[in-house]
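Beneath this line is the structure, given in structure tokens, with notes to follow.
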Amino acid sequence: MCKKVLVISTSLRSGSNSGLLAERFAQGARDGGNQVEIISLQGKRLAFCNGCMACLQRPTCVIRDDANAIVEKMRRADVLCFATPVYYYEMSGQMKTLLDRANPLYSAPCAFREVYLLTASAEASDAASDGPIKGLEGWVACFEQARLAGVVRGGGADKPGEMSQMTRKLEQAYELGKNV
């Protein structure tokens, strides 16, 4: 069955390590026969949520920026995949801002059932990704139909593009995507 897969790369750095993982996941999903779109947050304008909660009464956020279009694509996707650099043992601020701005999804019918996470950190230990995993699990828990279906912990990648030498992590991302 062909699924609509949305991969969101949250790093703002060109040649990012989490972006490389996102590309491999997307390629695996394509090779698995799925329809795949990759969105990079690089160059996107995302304002912070102002907590007005108007989004629970209407289908979109009252703030007019790039978040609304991304959130609508999230709503329609069967599979979501977030790729994030790990900053201070947590997801990137851009990813957290997007998740906060995705609040209109809470009261809307959403297609996604599977959510995946790809992390890249300078710290080699797998534990460096515990924060982003915990944070995304909290977001996923708000959607009864969804589950965190898989994670790739890409530790030990500090310099831009360094992930390209970590073939085992890239292969894990590819296989995760291929088997969505």
Exercise. Give a yes or no answer on whether the side chain of N34 reaches the backbone of A29 with a donor-acceptor pair at less than 3.5 Å.
Key: yes
Exercise. Begin with the C-alpha distance, continue with both residues' side-chain angles, and end with the deciding distance and a verdict on side chain to side chain contact (heavy atoms under 4.5 Å, CB included) for V79 and L6.
Key: CA-CA 6 Å; V79 176; L6 180 64; over 6 Å; no
Self-check item: R75 with E72: basic N within carboxylate O range, under 4.0 Å
Solution: yes
Exercise. Take atom CD of E144 as the centre, draw a 6.0 Å sphere, and report whether it contains more than 12 heavy atoms from other residues, nucleotides or ligands.
Key: no
Practice problem: Count the heavy atoms of every other residue, nucleotide or ligand shown that sit under 6.0 Å from NZ of K44, and state whether that count exceeds 12. | Solution: yes
Self-check item: Nearest non-hydrogen partners of G150 and L176, listed with the distance
Solution: C-CD2, 3.9 Å
Quiz item: Which is it for I39 and V7 under the side chain to side chain contact (heavy atoms under 4.5 Å, CB included) test, yes or no, and what are the steps along the way?
Solution: CA-CA 6 Å; I39 295 175; V7 180; over 6 Å; no
Quiz item: Can any side-chain N or O of Q35 pair as donor or acceptor with the backbone N or O of C2 at less than 3.5 Å?
Solution: no
Quiz prompt | D130/R153 under side chain to side chain contact (heavy atoms under 4.5 Å, CB included): CA gap, chis, key distance, verdict | solution = CA-CA 9 Å; D130 289 351; R153 297 172 185 246; 2.7 Å; yes
Exercise. Walk me through it: do S14 and Q42 pass the test side-chain hydrogen bond (donor to acceptor under 3.5 Å, both in side chains)?
Key: CA-CA 8 Å; S14 293; Q42 190 176 31; 3.0 Å; yes
Quiz item: Where the side chain of N17 meets the backbone of M163, is there a donor-acceptor pair that is under 3.5 Å apart?
Solution: yes
Quiz item: Distance-only, no hydrogens or angles: does the E175 side chain make a donor-acceptor pair with backbone N or O of Q172 under 3.5 Å?
Solution: no
Self-check item: Listed once per pair and sorted, the side chain to side chain donor-acceptor pair (under 3.5 Å) pairs that draw on residues 92-121, sequence neighbours left out
Solution: K3-E114, T10-S92, D65-R101, T84-S92, K96-D100, E114-Y116, T119-S129
Quiz item: Where do Y174 and F25 land on the ring-ring contact (aromatic ring centres under 6.0 Å, His included) test, with the steps shown first?
Solution: CA-CA 4 Å; Y174 177 86; F25 181 95; 9.7 Å; no
Practice problem: Please lay out, stage by stage, how I8 and M74 fare under the test side chain to side chain contact (heavy atoms under 4.5 Å, CB included). | Solution: CA-CA 9 Å; I8 301 173; M74 290 169 64; 3.8 Å; yes
Practice problem: Return yes if some donor-acceptor pair links the side-chain N/O of R64 with the main-chain N/O of C61 below 3.5 Å, else return no. | Solution: yes
